[in-house]
There are 2 protein chains.
Amino acid sequence: MENLLDKKQSIIESALELVHANGFHGCPVSQVAKNAGVAAGTIYTYFENKEDLIVGIYDYVAEKITSYIAERDDDSLEFENRFFNYWRNFTEFYEQHPAIHGFYDQFLNSPFNSEKVQNRPNMWHEWAHMFFQSGMDEGAIRATNPVILSILVNTNITSTVRIKKNFKTKLAKTNVNLDEISQLIWAGIKTA
Amino acid sequence: MENLLDKKQSIIESALELVHANGFHGCPVSQVAKNAGVAAGTIYTYFENKEDLIVGIYDYVAEKITSYIAERDDDSLEFENRFFNYWRNFTEFYEQHPAIHGFYDQFLNSPFNSEKVQNRPNMWHEWAHMFFQSGMDEGAIRATNPVILSILVNTNITSTVRIKKNFKTKLAKTNVNLDEISQLIWAGIKTA
DNA sequence: CCATTATGATTGAACGTTCATTCAGTCAAT
DNA sequence: ATTGACTGAATGAACGTTCAATCATAATGG
């Protein structure tokens, strides 16, 4: 732990893992501190209070998602390809970071994700907004509110990853090709 | 409040509203009791502990959904019609019972919905399972694990209702016809 | 038909625990 | 010597849960 950023990050990652494992109930500040290797009081150097910490996880996570997806987007491709890349990369990211997927899944519909939080400028929302807007400008997808469009697409990605996670070992054969879901959604949003 | 069932129900409904309004954090037993018009101790006549109460809400809600949907299903129709009825009725139900929608949205991805809870016999899951199975038996939809199919369909219904709820007043015009989402999903699951 | 007893739901103050938060003192770096 | 991060025991509020006391109702007996 060389510097301040590392310490803040290790607090966030400790909290992230705890929320993923035990939900919002199961991440007392004392535990977050212990797993992060700092004292409880130290957390209050970096965050005003616990709610601020939870929102801090969200910002951290949103930033990670944005850079992962944005780096892998190639806007010289036609939008259809960009869409399927988006889907695949997002899925890949979630599967490589199950704690982030678990946190996001719980956070989005929780009261922590308040109107106030949603109304702050948000890198990830802006990027996704721009992404789908460019699909419309190109005439590849139907004119639609890009905010709603991204919610819809992301909901299905999150849900698909959750199903894969839960059913990986439980059901031997599902006969459903979950990857087809991206095609299903694409068929629904592309221009007729 | 004539009898015991009414009292249990009023406790559940009080808790349901509180979870919807404030999340799982914001529903202390003391408040649940106050809003239900009973003493805190009384709750423990009907539920072992708070977790049992939360699961009790889930069972209550699942029962309501099942009866609403099942009553309105007409299995003499061909499956495509039954599917769109299912979608419309579910949406209708959620919009008439926003607290149930809000609770479900939070409960499903929460640690309260543990493996143990999921593995209990569940009227609603069984009904949905049977519903989609009959669509397959009829040859109307592709062979698919009906459990996964219902998760996927229900996720999109829940999400659509959430979008309608959140964006009703915020955005004047969305240009997206959210009702088309049912057609989109149908196109994806029906036999080619 | 009333008086007495038994039953079991209901109450809400009290209890013990847990938690977020604070802060006086310590430590490390410059 | 100064600064500012860091510590972790202390604090007090909030919470889930308990239980002795109360109450309403039903059952019993004269």
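Atoms considered below: every heavy atom in the structure, side chains included; atoms not considered: hydrogens, waters and symmetry mates. In what follows, chains are A, B, ... by sequence order, proteins preceding strands, each numbered from 1.
When the side-chain hydrogen bond (donor to acceptor under 3.5 Å, both in side chains) test is applied to A:H101, the partners found at least two apart in sequence or on another chain are A:K165. In this structure B:Y68 satisfies the side-chain hydrogen bond (donor to acceptor under 3.5 Å, both in side chains) test together with B:E92, sequence neighbours excluded. Legend: residues meeting side-chain contact (heavy atoms from CB on, under 4.5 Å) with B:L77, ordered by chain and number and at least two apart, are B:D74, B:N81, B:R82, B:N85. Annotation: side-chain contact (heavy atoms from CB on, under 4.5 Å) contacts of B:L108 (sequence neighbours excluded): B:Y104, B:N113.
Applying the 4.0 Å criterion to OP1 and OP2 of C:dT10, one finds that B:K7 has a side-chain N or O inside that range. Using a 4.0 Å cut-off, some side-chain N or O of A:Y46 falls inside it from OP1 or OP2 of D:dC6.
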Check: residues 184-192 of chain A side-chain donor-acceptor pairs under 3.5 Å, at least two apart:
from, atom 1, to, atom 2, distance (Å)
A:T191, OG1, A:G139, O, 3.0
A:T191, OG1, A:A140, O, 3.1

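We find that CD1 of B:I11 is positioned 13 Å from P of C:dA9, with the value rounded to whole Å. Rounded to an integer number of Å, the gap from NZ of A:K8 to C1' of D:dG4 is 17 Å. The interatomic distance linking A:L53 (CG) with C:dC19 (C1') rounds to 14 Å, in whole Å. Between the CD1 atom of A:I43 and the P atom of C:dC19 there is a distance of 13 Å, rounded to whole Å. Across the protein-nucleic acid pair, B:Q31 atom CD and D:dA13 atom P stand 18 Å apart, rounded to whole Å.
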Practice item. Take nucleotides 15-24 of chain D nucleotide by nucleotide from the 5' end and write B, S or -, depending on whether a protein heavy atom sits under 4.0 Å from the base, only from the sugar-phosphate, or from neither. Key: SSBB------
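Between B:H20 and B:F107, the gap from one ring centroid to the other reaches at least 6.0 Å.
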